[in-house]
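Some notes on the structure that comes next.
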Number of protein chains: 4
Amino acid sequence: MSNQFSIEELLKLTDEDVKMSEKQKKVVEAAIEIFADKGFAAASTSEIAKKAGVAEGTIFRHYQTKKDLLFSIVMPTITTFIAPFLVRNFLQDVTKQNHQDLEQMLRFILENRYEFIKKNHPVIKILLQEVFFHEEFRGELRKVVLEHAVEKLKQLITHFQEKGEMVEMPPETVLRMIITTIMGFLIGRFIIMPDLDWDDEAEKEYTIQFLLHGLMKR
Amino acid sequence: MSNQFSIEELLKLTDEDVKMSEKQKKVVEAAIEIFADKGFAAASTSEIAKKAGVAEGTIFRHYQTKKDLLFSIVMPTITTFIAPFLVRNFLQDVTKQNHQDLEQMLRFILENRYEFIKKNHPVIKILLQEVFFHEEFRGELRKVVLEHAVEKLKQLITHFQEKGEMVEMPPETVLRMIITTIMGFLIGRFIIMPDLDWDDEAEKEYTIQFLLHGLMKR
Amino acid sequence: MSNQFSIEELLKLTDEDVKMSEKQKKVVEAAIEIFADKGFAAASTSEIAKKAGVAEGTIFRHYQTKKDLLFSIVMPTITTFIAPFLVRNFLQDVTKQNHQDLEQMLRFILENRYEFIKKNHPVIKILLQEVFFHEEFRGELRKVVLEHAVEKLKQLITHFQEKGEMVEMPPETVLRMIITTIMGFLIGRFIIMPDLDWDDEAEKEYTIQFLLHGLMKR
Amino acid sequence: MSNQFSIEELLKLTDEDVKMSEKQKKVVEAAIEIFADKGFAAASTSEIAKKAGVAEGTIFRHYQTKKDLLFSIVMPTITTFIAPFLVRNFLQDVTKQNHQDLEQMLRFILENRYEFIKKNHPVIKILLQEVFFHEEFRGELRKVVLEHAVEKLKQLITHFQEKGEMVEMPPETVLRMIITTIMGFLIGRFIIMPDLDWDDEAEKEYTIQFLLHGLMKR
DNA sequence: AATGAATGAGGATTCATTCAT
DNA sequence: TATGAATGAATCCTCATTCAT
């Protein structure tokens with residue numbers, strides 16, 4: 001289980017950002033804004049430099065290429081996005097502790113990722129936009145999602161199916177429904193129509209209810 | 001109801017493309033392939049010309065700018081994608097004729113859009129990738145989706161709710177679940193993981209079942 | 001005197017234009033307008049074709065290159081512009097017939113060239129604009145102006161000086177004053193400020209008076 | 001009189017060019033040479049770069065467009081060319097000090113502009129060639145010439161007419177004669193036939209004599 | 001560490017000219 | 001004779017990246 005980390009270890013990775021100089025932080029902020037706005041290919045380093053208030057050359061002191069800058073922004077977010085499912089005791093937490101049933105798990109995942117995207121939606125937007133164009137992102141996603149999170153979640157689904165709480169569909173299909181429904185909500189909410197006047201709590205509740213009834217044992 | 005067309009009228013519009021010369025068709029084909037592959041901004045006209053087997057100038061004889069080429073490819077697909085919901089008698093078809101219940105409607109929509117995306121997934125992929133970067137696409141989508149399809153579908157949902165077949169949620173939310181679930185399936189199937197070995201008929205059935213149970217009156 | 005023509009012969013040259021087809025005439029008209037407006041280098045053959053209402057290829061059926069089209073327009077005008085001074089009996093006309101004195105000659109030249117430019121100012125404008133960039137124009141001008149007109153006019157000036165009617169300056173210098181003054185008026189009048197409200201008769205008279213007093217024997 | 005400057009102020013503006021880097025100076029020199037030689041539209045930035053010994057991109061680091069490069073060369077020359085007439089005490093200098101009569105004034109203007117064009121004829125050539133094609137040049141000329149120089153010179157002409165030294169023609173017409181004659185000389189001397197073997201002092205003297213007699217009270 | 005001038009490869013686009021119809 | 005699709009070289013300009021200061 002070498003690919004599993006404690007929350008503390010994961011946070012440590014993120015905290016390494018603290019080492020960044022003031023200028024470097026400005027560069028990253030500007031890059032996130034501009035990448036999210038017009039896409040990686042259409043963003044120019046000179047525009048980023050201008051918005052960050054640094055010289056053009058400064059960017060390349062910290063990042064060897066424009067692509068490195070993109071990766072340094074998106075890659076950690078991929079990991080962090082999947083982090084809850086990588087954490088060593090996620091499965092036990094859900095099955096043995098207080099999240100004892102399906103509903104608890106769905107609520108936990110939705111709430112948890114809702115908060116995450118609320119804070120990180122610009123980077124998530126960049127990821128969504130660029131995932132098509134950079135095999136590296138797909139590779140990283142495959143690694144963290146498919147190889148670890150998926151397996152763990154499929155075990156969980158099987159567990160619920162065995163307990164008789166969940167419909168008998170292939171676990172992959174059930175997973176697809178869950179991801180599709182939750183991500184559909186979050187992407188709609190934060191990426192596609194962030195300016196709409198959402199009643200978040202109500203929508204979360206509807207989403208959970210929809211998932212529960214859609215997946216419950218008949 | 002001037003914005004509603006018969007299927008015949010819509011098809012007529014598309015058939016006007018037949019006027020394209022052999023070279024022009026080659027250009028469009030190459031452009032679709034390359035735009036889908038690396039995105040509009042990262043695609044170069046010289047690469048498109050080379051793949052199409054024409055001179056670079058030939059592209060600009062038919063399309064004033066690279067952006068025009070993109071639009072000429074994607075815009076008609078936006079319309080066609082929404083077309084079934086624009087057609088004059090869609091609502092009657094579903095409510096009064098043989099599609100008398102929710103299940104029939106969902107099956108109809110899924111099957112219908114499945115076939116469409118099966119044929120047009122490269123262009124749909126381009127649309128998904130570029131919709132973030134071109135206000136014109138969002139504008140067109142807003143026009144055809146929000147102003148026409150949404151209203152009609154919400155009426156339909158209300159209709160099913162009044163008949164007691166459907167859960168009492170805001171029609172917008174129900175619509176979100178339907179779109180999210182169907183599009184989630186189709187995008188996963190054709191855009192994100194087309195190389196996976198899908199059992200399409202089974203997945204369609206699961207998707208319908210998931211939607212039905214998720215949305216059925218409790 | 002092989003470079004001297006009768007007025008009839010010169011007009012014959014111009015009449016060869018009659019052979020032009022309707023389309024060709026349209027091309028020439030459009031070309032004159034556009035060359036005069038934006039200059040030869042910035043004018044495009046496709047714009048000329050559009051304005052002329054012909055296909056792009058049609059221009060090249062009549063003129064091998066864009067430059068040929070320019071030359072076919074400007075070259076004859078160079079000749080015609082100098083024509084009065086090339087005509088076999090111009091000198092006799094002025095010195096022996098009714099134009100017996102300096103004033104008569106200056107009036108004749110001014111009036112004569114005034115009418116010419118009034119009719120041909122678009123082509124004269126093109127000539128002025130392009131003479132810097134095409135050695136061929138300078139060559140043609142040198143040929144017709146320097147080799148023939150200048151010699152004849154210098155003889156005339158010497159003639160007036162010998163008669164004691166004209167100041168003792170080098171004939172080249174006198175000629176420069178005459179050309180400068182007359183062309184200065186005509187270019188100002190028709191090329192630089194054609195939209196001003198000129199009192200042409202008064203300005204012609206002032207110009208003649210200025211020349212006469214400037215050049216008269218002291 | 002906010003549009004009037006001391007000679008010192010005007011020179012200060014020009015001296016700010018000193019800020020140019022070595023490469024930038026090379027670019028400007030090469031551009032002047034090539035614009036003068038083949039005209040703005042027919043000059044290519046790659047040719048300018050090659051002649052300047054810099055990369056093509058270097059041009060665009062200093063000038064956003066090729067047109068900006070042209071303007072940065074010609075615009076200051078327009079101002080400088082008119083500068084003597086804008087200077088605060090030009091009128092007093094001519095009327096009240098040592099240049100008390102018409103002859104002094106004409107000699108002053110001719111000599112002064114002769115030296116100017118001697119130094120700046122390539123840029124003046126560019127201006128003459130391009131003034132037809134760029135409304136901006138005409139606008140700038142109108143501004144500096146018409147609004148300031150013309151009015152002042154017309155006052156001066158009226159002043160001489162009132163003193164009985166000058167012929168009674170409309171001041172605009174007198175001005176036209178002066179400009180036409182002086183510019184005719186300078187353009188002929190430096191732009192059209194710079195290779196001729198001119199006796200400059202003699203020609204200046206003839207030009208002054210011609211103007212004086214042409215404009216003197218009868 | 002930071003700057004910003006310089007680079008030069010590559011981009012979209014234009015255009016005179018050709019040629020099959 | 002006239003057309004207009006096709007060409008491809010050349011154009012202006014952008015941009016990621018380098019490097020001397």
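Residue numbers begin at 1 in each chain, while the letters A, B, ... track the order of the sequences. As the structure is a computational prediction, the values presented were derived from the model and not from experiment.
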Would a 4.5 Å heavy-atom cut-off, applied to side chains only, mark [X] and [Y] as touching?
| X | Y | value |
| --- | --- | --- |
| C:His62 | C:Ser72 | no |
| D:Thr45 | D:Phe60 | yes |
| A:Ile126 | A:Leu70 | yes |

Using side chain to side chain contact (heavy atoms under 4.5 Å, CB included), reason through B:Ile34 and B:Lys51 one step at a time and then give a plain yes or no. CA-CA 9 Å; B:Ile34 294 176; B:Lys51 171 159 255 166; 3.9 Å; yes
Output, in order, the C-alpha distance, side-chain angles, deciding distance and verdict of side chain to side chain contact (heavy atoms under 4.5 Å, CB included) for B:Lys50 and B:Glu56. CA-CA 8 Å; B:Lys50 199 183 291 173; B:Glu56 208 170 343; over 6 Å; no
Strictly below 4.0 Å, heavy-atom distances to any atom of DNA chain F: list the hits from residues 29-47 of chain C, or just say none.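 Heavy-atom contacts with DNA chain F come from no residue of residues 29-47 of chain C; none.
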Run through DNA chain E and report every stem of 3 or more consecutive Watson-Crick or G-U pairs, distances under 3.5 Å, ordered by first number.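 Detected stem regions: E:2-21 with F:2-21.
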Between [X] ([atom1]) and [N] ([atom2]), how many Å, whole number?
| X | N | atom1 | atom2 | result |
| --- | --- | --- | --- | --- |
| B:Lys50 | F:dT7 | NZ | C1' | 16 Å |
| B:Lys23 | F:dG8 | NZ | C1' | 13 Å |
| D:Lys26 | E:dT7 | NZ | P | 13 Å |

If you measure from CD1 on C:Ile78 to CD on C:Glu136, what distance do you get to the nearest 0.5 Å?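 CD of C:Glu136 is found 10.0 Å from CD1 of C:Ile78.
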Would you mind telling me which residue lines up with the more 5' stretch of DNA chain F, D:Thr65 or A:Lys67, judged by nearest nucleotide?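 The answer here is D:Thr65.
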Upstream residue (5' side of DNA chain F) when C:Ile59 and A:Glu56 are each assigned their closest nucleotide: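 Closer to the 5' end of DNA chain F: C:Ile59.
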Compute the ring centroids of A:Phe132 and A:Phe137, then answer whether they are less than 6.0 Å apart.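 Between A:Phe132 and A:Phe137, the centre distance exceeds or equals 6.0 Å.
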Enumerate the protein-to-nucleotides 19-21 of chain F contacts in which both atoms are nitrogen or oxygen and the separation is below 3.5 Å.
none

Proximity to the side chain of A:Ser21 - top-ranked nucleotide from E:dA2, F:dT3, F:dT7: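 For the A:Ser21 side chain, the nearest candidate turns out to be E:dA2.
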Using a heavy-atom cut-off of 4.0 Å across all strands, would you classify D:Gln24 as base, sugar-phosphate, or nothing?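 Contact class for D:Gln24: none.
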Which pair of heavy atoms, one from A:Ala41 and one from A:Lys66, lies closest together, and at what distance?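 Result for this residue pair: O-NZ, 3.7 Å.
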If you compare every side-chain N and O of B:His62 against the phosphate oxygens of F:dA6 (OP1, OP2), does one of them come in below 4.0 Å?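 Yes, such a contact exists.
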